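Beneath this line is the structure, given in structure tokens, with notes to follow.
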Amino acid sequence: MREVLEIVVRSLVVSGTATLLASTWSIVLAYLLVRSPKASRPIIPLLEGMVGVPTVLIGLLLYLLLSRQGPLGVLRLLYSPQAIVIGQAILITPLITSVAYRVLTHSWDMYGELALSLGAAEGQAAKIVISESLSGVAAAVVMGFSRALGELGVALMVGGNIRGYTRVMTTAIALEVSKGEFELAVSLGIILLLILTMISLTLRFLGRLRE
């Protein structure tokens, strides 16, 4: 029981940190793209295409960067929770940015242009747009967290599934299944399913707030 709790807490901390990091730059990038239609035309389709990139591909690229022979090997981050955080943050950046972009675009069309026409400064218009988009942007962040929590490839390839250090729910489930010991795998699977269900309910609640 103690091990299960430890793995669940580690998963939440790692994925939560990755989501916080990715949200920081993704929301800013989404707003900048809203204000730069010329740049958004090629970038948004690219980001939307990257939403479905297999997690093992990102894990492989990050492994090559962080391995001892790689350009970032000097940082010695491979097989650490920090490496999983970086990988998951990269993984969910396209998702958060593309969803936040659509929400902010709608708010800009509704409120931003009106604010500017009434004499508001750019900063004031930005404040209005972001405050009117909070529930939608929060939904984008929650979706990113859900994606990070349920991914396996990045955590396995750059985390290494080290017991008591980098083992998270998805890697623990994969390990227990490979060993043919299903008790812990089923327990973690149920917990993961419950958490993802709670996230889904949160998304529905945020969606109703937007209506």
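Basis for what follows: all heavy atoms, side chains included, without hydrogens, waters or symmetry-related copies. Since we're looking at a predicted model, the values are computed, not measured.
- For the atom pair CD1 (Ile191) and CD1 (Ile7), the distance works out to 9.0 Å, reported to the nearest 0.5 Å.
- The 12-atom threshold is exceeded at NZ of Lys179, counting heavy atoms of other residues, nucleotides or ligands nearer than 6.0 Å.
- To the nearest 0.5 Å, the span separating OG on Ser187 from CD on Glu176 amounts to 9.5 Å.
- Contact detail for Ser98 and Val51: the closest heavy-atom pair is OG-CG2, 4.0 Å.
- With a 4.5 Å cut-off on side-chain heavy atoms, Val137 and Ile130 do not count as touching.
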Problem - side-chain contact (heavy atoms from CB on, under 4.5 Å) evaluation trace for Phe145 with Ile96 - result: CA-CA 9 Å; Phe145 177 68; Ile96 298 178; over 6 Å; no
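- Summarising the local packing, CZ of Arg35 is surrounded by more than 12 heavy atoms from other residues, nucleotides or ligands at distances under 6.0 Å.
- Between Glu6 and Arg2 no salt bridge is recorded (no basic side-chain N to carboxylate O distance below 4.0 Å).
- To the nearest 0.5 angstrom, Met198 atom CE is 13.5 Å from Phe205 atom CZ.
- Distance alone, capped at 3.5 Å, places no donor-acceptor pair between the Arg147 side chain and the Leu91 backbone.
- The CG atom of Leu201 lies 11.0 Å from the CG atom of Leu196; values are rounded to the nearest 0.5 Å.
- The side-chain heavy atoms of Trp108 and Tyr31, taken from C-beta on, include a pair separated by under 4.5 Å.
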Practice task
Decide side-chain contact (heavy atoms from CB on, under 4.5 Å) for Gln69 and Leu64; before the verdict, give the C-alpha distance in whole Å, the side-chain angles of both, and the deciding distance to 0.1 Å.
Solution key: CA-CA 8 Å; Gln69 293 78 20; Leu64 294 174; over 6 Å; no
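- Counting heavy atoms from C-beta on, the side chains of Leu77 and Ser80 come closer than 4.5 Å.
- Within the model, atoms CG of Leu32 and OG of Ser40 stand 11.5 Å from one another, a figure rounded to the nearest 0.5 Å.
- Here the side chains of Leu62 and Met157 are not in contact, with every heavy-atom distance at 4.5 Å or above.
- Linking Ile, Leu, Val, Met, Phe, Trp and Tyr whenever their side-chain heavy atoms come within less than 4.5 Å leaves Val28 and Leu95 in two separate clusters.
- Rounded to the nearest 0.5 Å, atoms CE (Met169) and CG (Leu188) are 7.5 Å apart.
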Exercise for the section: Report the C-alpha distance between Thr170 and Glu151 in whole Å, list the side-chain angles of each, state the deciding distance to 0.1 Å, and finish with yes or no for side-chain hydrogen bond (donor to acceptor under 3.5 Å, both in side chains). Expected result: CA-CA 7 Å; Thr170 50; Glu151 75 81 25; 5.4 Å; no
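- Taking the side chain as every heavy atom from C-beta outward, Glu48 and Arg102 approach each other to under 4.5 Å.
- Side-chain atoms of Arg167 come within 3.5 Å of backbone atoms of Asn161 as a donor-acceptor pair (strictly under, hydrogens ignored).
- In this structure, Tyr79 and Val158 have side chains that are not in contact, with every pair of non-hydrogen atoms separated by 4.5 Å or more.
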